[in-house]
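Both counts, for ligands and for their atoms, begin at 1 and track the order of listing. Because the structure is predicted, anything quoted here is derived from the model rather than measured.
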Amino acid sequence: MTDLFSPAKLGTIELANRVLMAPMTRSRAADDGTPTPMMLDYYRQRASAGLIIAEGTYPSENGKGYCRTPGIVNQKQIDAWGDITEAVHREGGKIVLQIMHCGRCSHADNKSPTAETVAPSAIAADGEVYTEQGMKPFSMPRALRGEEIAQVIEEYRQATENSFAANFDGVELHGTSGYLPAQFLSPGSNQREDGYGGSLENRIRFVDEVLRAMSGVQGSDKVGLRICPGFPFNDVKDPNPQETFEALLERIQPMGLAYLHLMRASPLDVYALGHEFFKGPLVLNGGYDLRSANKAIQERGATAVSFATSYIANPDLVNRLAKELPLNDVREELLYTNTVEGYSDYPVYDG
Ligand SMILES: Cc1cc2nc3c(=O)[nH]c(=O)nc-3n(C[C@H](O)[C@H](O)[C@H](O)COP(=O)(O)O)c2cc1C
């Protein structure tokens with residue numbers, strides 16, 4: 001019977017098993033966004049995952065939101081990512097990169113002095129963000145001018161091209177957690193009066209066009225989309241997320257994306273939504289363990305399940321799940337520090 005340990009395919013990406021590593025920001029890149037040697041160790045250690053979805057990575061300097069997050073903008077960053085993909089591939093693993101433009105969820109202190117904070121509308125997100133000087137309110141964004149939207153879409157396309165230059169097996173568009181795609185989708189952050197705001201049809205246009213641009217690089221079967229309908233994180237305000245995401249999925253369904261990555265963090269049955277409106281492979285995420293993940297595959301038609309928290313402390317998660325071995329505990333206070341401690345020093349099972 002098919003289970004977590006059976007091979008699978010997401011678009012053209014062939015997986016040895018269905019235990020995926022979910023994308024996780026860990027703030028271990030250099031200040032200039034270049035991936036570091038400890039990131040190489042961390043991802044290599046986790047290469048037995050069926051697929052690693054590497055952490056949210058900015059496609060342009062404007063898209064950076066947080067300290068020590070990586071970019072895929074310049075040659076230095078591409079080369080450092082290339083070393084990471086090579087290390088993962090050498091271990092027999094597969095790895096895609098999550099492209100994350102933070103839009104208004106950012107602070108000027110966290111990005112290059114010439115970069116700007118841009119968003120669909122000049123409405124600041126209600127909340128605070130970590131900076132090296134402590135927590136600060138999110139910066140007020142500048143509303144993108146109509147003609148600038150094509151430039152932002154081009155940044156996603158170029159980031160996709162750069163990802164393939166770094167030998168990633170694919171890319172994932174980060175559409176959750178209140179970042180730029182979610183800002184366009186949600187009426188609370190998108191009050192534009194042009195073709196990218198107002199009606200439902202206009203609000204979904206940006207994500208549709210970004211996915212088309214990303215798919216144009218090496219095909220839609222190497223592009224995934226991550227969504228989390230109804231998740232209010234980072235001040236997402238949408239009175240009818242069910243309607244928004246139904247319309248989005250209906251619009252993108254004909255593209256033939258590699259997969260839809262559904263994070264469940266709201267009362268909505270995001271699985272039912274994905275199943276009804278997206279006919280390609282589904283990756284489920286959010287609080288799964290061995291039993292519930294196998295059930296999702298065997299009874300609910302999921303192709304794979306992604307694990308975030310369990311992967312932080314268990315580089316050998318596949319082996320531990322397969323043999324029902326105990327899991328290491330996460331040291332939460334070390335999640336976003338900038339050393340190997342609590343990052344690439346978690347042990348494999350040695351019993
Ligand atoms: C430290 C940390 C960083 C995260 N960073 C990202 C990220 O960069 N992109 C993203 O889509 N989700 C991110 N998430 C959300 C996780 O991918 C995942 O959806 C969530 O933790 C629930 O999965 P779990 O129950 O297996 O932990 C992050 C979660 C954690 C704990």
Side-chain angles (χ1 to χ4, degrees), residues 4 18-29 33 35 39 42-43 46 49-59 63-72 95-103 105-106 110 129-130 159 170-183 185 207 224-234 236 259-266 270-271 274 282-293 296 302 304-314 317-318 320-321 327-338 341-344 346:
L4 264 182
R18 296 161 188 244
V19 180
L20 273 48
M21 179 176 169
M24 277 180 288
T25 294
R26 301 297 310 276
S27 296
R28 258 67 175 195
M39 288 170 63
Y42 167 79
Y43 284 117
R46 288 157 180 76
L51 179 69
I52 293 172
I53 303 165
E55 67 207 81
T57 296
Y58 60 84
K64 187 177 185 191
Y66 298 95
C67 297
R68 288 176 274 105
T69 48
I72 185 85
I95 181 167
V96 303
L97 186 64
Q98 189 186 54
I99 311 291
M100 171 189 189
H101 190 308
C102 294
C105 293
S106 173
N110 290 348
V129 57
Y130 175 84
V171 286
E172 176 179 287
L173 174 61
H174 191 340
T176 83
S177 312
Y179 300 116
L180 192 63
Q183 290 160 33
L185 290 172
V207 176
L225 168 65
R226 186 170 220 220
I227 57 170
C228 187
F231 188 31
F233 185 68
N234 276 335
V236 171
Y259 64 91
L260 179 68
H261 192 175
L262 287 160
M263 176 181 169
R264 58 174 183 192
S266 81
V270 295
Y271 174 75
L282 295 178
V283 177
L284 303 193
N285 167 260
Y288 283 93
D289 61 15
L290 173 68
R291 266 163 204 81
S292 56
V305 174
S306 74
F307 298 83
T309 321
S310 313
Y311 251 117
I312 293 174
N314 299 283
L317 184 65
V318 176
R320 288 180 192 248
L321 291 176
L327 300 186
N328 295 322
D329 290 330
V330 174
R331 285 172 283 166
E332 302 246 352
E333 70 284 7
L334 300 173
L335 280 180
Y336 304 107
T337 51
N338 58 359
E341 228 193 320
Y343 184 60
S344 51
Y346 285 105

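- At least one heavy atom of Y336 lies less than 4.0 angstrom from ligand 1.
- Across all non-hydrogen atoms, the minimal contact from N328 to A313 is ND2-O, 2.8 Å.
- Of the protein's heavy atoms, T309 OG1, 2.3 Å lies nearest to atom 27 (O) of ligand 1.
- For the pair S306 and ligand 1, the shortest N or O to N or O distance does not fall below 3.5 Å.
- The two atoms that bring Y179 and H101 nearest to each other are CB-O, 3.4 Å, heavy atoms only.
- Residue M263 touches ligand 1 through its side chain alone, judged by heavy-atom distances below 4.0 Å.
- Across the listed options H261, E332, R226, R226 owns the non-hydrogen atom lying nearest to atom 12 (N) of ligand 1.
- Classified by interplanar angle (parallel below 30°, tilted 30° to 60°, perpendicular above 60°), the ring pair Y343/Y42 is parallel.
- By the 3.5 Å distance cut-off applied to N or O atoms, M100 is not counted among the residues near ligand 1.
- A cation-pi contact, defined as under 6.0 Å to the ring centre and within 45° of the axis, links R264 to Y288.
- Of the polar atoms of R26, none of the N or O atoms is found under 3.5 Å from an N or O of ligand 1, judged by distance alone.
- Only the side chain of N285 comes within contact range of ligand 1, with a heavy atom under 4.0 Å; no backbone atom does.
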